[in-house]
Amino acid sequence: EVDCGSLLNELCKSGNVDEARSLIRWMEEYEGERFGKPNTIMYNIIIDGLCKESRVNEALNLFQEIIDISDVITFSILIDGLCKNERTKEAHDMFELMPQRGIQPDVFTYSSLIHGLCSCGQGKEAIRLFNEMIDHDISPDMPALNILMDVLCKQEMAKEGHKLLDLMIQRGVKPDIITFCTLMDGYCLQGQMKEAVNVFDSMVDSGHEPNVYSYNILINGYSKDRKLDEAKQLFEDMHRKGLTPNTITYSTLMDGLCKVGRVVEAQELFNEMQT
RNA sequence: AAUGGUACAUGA
């Protein structure tokens, strides 16, 4: 059973959802002879695999077939899948149908929907849901807090986000590198580079080695603020730390340079990137 | 120890 689940998982994660699906069909057919019935976990693996390939309709069809054995994970997978394919309305509907099936949303379900709503500009509703989650005595874990941080930041409420960070520290919850990066990006979005750099420093102080995300975020902040010398400086710092810039690093910096007319430097970067 | 959620750029 467990090994079969692992196999299905391997297949899905390596882009062979169809193989995994046939395997399940096979199990359904030979049920009782060699194997037992496929269980909820196995179906969840397939449904998630389909969603991750943007085949949400197929995922929904399979869901209809196995709705009687679906669980909170099945719902979370579908809500996430719908949201990531710009179908937040349906995700929301599905969320509201859960209690009718006797399934209560958990922190993953809320997080998926909150994140989805935030990504399609429904920050207010996202915040309302976060509060609803708290009211239901579901305590936010690190990813859930990071998602809330992102919601606040994308609403240009970096200052509120900063309060959330302080609150976490005060309560003995150790923010992770994503918490810091998300807040840095929030300050960058509002053009508050001094604050962003402050967060970068507190990130380092709390023992997190900056990664490519941390640098990309600050480089982007400076670029958008037309401070290309600072941005280039960070690009150098990054090298000195032994970090390898990625495509995002290059396109961020090249875009910034182009937009202030430093096209030659952008071209140089482009050449460097090819090697 | 089989399944779900979180951070960065450009472009249409």
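Below, chains carry the letters A, B, ... as their sequence lines are ordered, and counting in each starts from 1.
- One atom, CD1 of A:I147, and another, P of B:C8, lie 12 Å apart when rounded to the nearest Å.
- One cannot find a donor-acceptor pair under 3.5 Å joining the base of B:U10 and the side-chain atoms of A:D255.
- Regarding A:Y222, its OH atom lies at a distance of 17 Å from the P atom of B:A9, rounded to whole Å.
- Side-chain atoms of A:Y110 and A:E132 form a donor-acceptor pair, as typed in the model, at a separation below 3.5 Å.
- Side-chain atoms of A:N85 never come within 3.5 Å of backbone atoms of A:R87 as a donor-acceptor pair (strictly under, hydrogens ignored).
- Within the 4.0 angstrom heavy-atom criterion, base atoms lie near A:I178.
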Kindly determine whether A:K232 and A:D237 satisfy salt bridge (Lys or Arg N to Asp or Glu O under 4.0 Å), including the steps that lead there.
CA-CA 9 Å; A:K232 282 188 103 174; A:D237 292 353; over 6 Å; no
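- At the heavy-atom level, A:D71 lies nowhere under 4.0 Å from the strands shown.
- Heavy atoms of A:T109 sit under 4.0 angstrom from at least one base atom.
- In this structure, of B:U6, B:G4, B:G11, it is B:U6 that holds the atom nearest to the side chain of A:N146.
- Listed nucleotides: B:U6, B:A9, B:U3. Nearest to the side chain of A:K224: B:A9.
- Salt-bridge formation is detected for the pair A:D18/A:R55: a Lys NZ or Arg NE/NH1/NH2 atom is positioned less than 4.0 Å from an Asp or Glu carboxylate oxygen.
- At a threshold of 4.0 angstrom between heavy atoms, the contacts of A:V212 with the nucleic acid are absent.
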